[in-house]
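Let me begin by handing over the structure; questions about it come next.
Every chain is numbered from 1 and lettered A, B, ... according to where its sequence line falls, protein lines coming before strand lines. No hydrogens, no waters, no symmetry mates; every other heavy atom, side chains included, goes into these values.
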Amino acid sequence: MPELPEVETVRRGLQPVMEGAVFTRVETRRPDLRFPLPENFAGSLQGHKVESLDRRGKYLIAHLSSGENLIMHLGMSGRFTIEETGKSRPGGFALAQECDPKHDHVVFEMAGRTTARITYNDPRRFGFMDIAPPDGLETSRHFAGMGPEPLGNGFSAQALKEALTGKTAPIKAALLDQRVVAGLGNIYVCEALYRAGVSPRRKAASVAGKRSDRLYGEIIAVLREAIEAGGSSLRDFASTDGALGYFQHRFDVYDREGENCRRCDKPVSRIVQGGRSTFFCAACQR
DNA sequence: AGTGTGTCCTGTGTGC
DNA sequence: TGCACACAGGACACAC
């Protein structure tokens, strides 16, 4: 579930307690998530400061004062919960988290302007964490070959067109490919294709000219809108459950099989592509 | 090289 | 009520 907008929302939630703060204690409650945690994971973090917390695609990256980089991926069920331990009463993002200690896998205790306990919870354990050496980010297996940030300078209608050239795979599969563009997942690919009026079954290379221009615009737009929605949900976290990772969002086609298309009123279809559900309107996506 | 499929993992929902 | 099973899906390994 966490795609670029959700990960960006999580980043913005963690930033105030992580940036400028030092890892005072790191607890790993199991040796692995999706992959084994790196050797000396806790030791690589403890005593070091987070200089900045960035995002690349669906990854969070904490740049450490040691020069190393903490890489975090939420998989599909990963969440962070923040408790501001320095306050007598919970505030900020602190919260009545729904208690699920069974899946609390990693705990960061941070000391900065305030002290906080950040807990990583991940029932399905599809998430993972890794440490990349100084100057080893771009060449790490996670980022080598990754496509441009959709909301960054490297992505444009022209760049999209070039990435799709020659591809015989369906446009749906091409957009899920992180080498084409970073950060899109099943939900936002479905939504962007719907908004652009492009059939998910169309061969990627056939999405050219006006179609790819429109698709480019809708990818950007749907991500921006979702980030904005995440931002507003962040402001409500103090009064809700405090878990960073998900927010309510209204989708046009995703998970709306059989419901009416908001454009033409025909029922939304679901097909399976590459083992994944694709939701779309067969009437208005061509 | 590009494309497609299976795997990981476990909570949730559905049908018998 | 209880059980079996499909499903969710990001990244990756592997086959063709």
Rounded to the Å, how far apart are Leu176(A) CG and dT5(B) C1'?
15 Å
Kindly indicate whether a cation-pi arrangement holds for Arg256(A) with Tyr194(A), taking the cut-offs as under 6.0 Å to the six-membered ring centre and within 45° of the axis.
no
Would you say His103(A) reaches dC9(B)'s phosphate, i.e. side-chain N/O to OP1/OP2 under 4.0 Å?
no
Please report the distance, rounded to the nearest Å, between NZ in Lys167(A) and C1' in dT3(B).
9 Å
Calculate the interatomic distance between Arg79(A) atom CZ and dT10(B) atom C1'; express it in whole Å.
14 Å
Gln178(A) vs dG10(C): side-chain N/O to OP1/OP2 distance below 4.0 Å
no
May I ask you to check if Arg141(A) and Phe35(A) form a cation-pi contact, with NZ or CZ under 6.0 angstrom from the six-membered ring centre and within 45° of the axis?
yes
His142(A) side chain N/O closer than 4.0 Å to the phosphate oxygens (OP1, OP2) of dC12(C)?
yes
Nearest to the Arg34(A) side chain among dT3(B), dG10(C), dC12(C), which nucleotide is it?
dG10(C)
Value in whole Å for how far the C1' atom of dA8(C) lies from CZ of Arg125(A)
17 Å
By nearest heavy atom, map Gly166(A) and Asp32(A) onto DNA chain B; which one lands nearer the 5' end?
Gly166(A)
Whole angstrom value for the distance that separates P of dC9(B) from CG of Asp122(A):
12 Å
Could you give the CZ-to-P distance, from Arg56(A) to dG10(C), as a whole number of Å?
17 Å
Indicate whether OP1 or OP2 belonging to dC7(C) is found under 4.0 Å from a side-chain N or O atom of Arg124(A).
no
Distance test, side-chain N/O of His73(A) to OP1/OP2 of dG10(C), below 4.0 Å
no
Quick one: is dT10(B) close enough that its OP1 or OP2 comes under 4.0 Å of any side-chain N or O from Ser77(A)?
no
Take the protein atom CG of Asn186(A) and the nucleotide atom C1' of dA8(C), then report the distance between them rounded to whole Å.
9 Å
Base, sugar-phosphate alone, or nothing: which one does Lys102(A) contact when heavy atoms must sit under 4.0 Å apart?
sugar-phosphate
Which one, dC12(C), dG4(B), dG10(C), comes nearest to the side chain of Pro170(A)?
dG4(B)
In terms of relative ring orientation, are His105(A) and Tyr120(A) parallel, tilted or perpendicular, with 30° and 60° separating the classes?
tilted
Consider the side chain of Arg141(A), meaning its heavy atoms from C-beta on, and name the nucleotide among dC9(B), dG4(B), dC12(C) that approaches it most closely.
dC12(C)
What is the distance, to the nearest angstrom, from the CD atom on Gln273(A) to the P atom on dG10(C)?
14 Å
More than 12 heavy atoms of other residues, nucleotides or ligands under 6.0 Å from CD of Glu257(A): yes or no?
yes
Under 3.5 Å, is there any donor-acceptor pair linking the side chain of Arg276(A) to the base of dG10(C)?
yes
Which of parallel (below 30°), tilted (30 to 60°) and perpendicular (above 60°) describes Phe128(A) and Tyr59(A)?
perpendicular
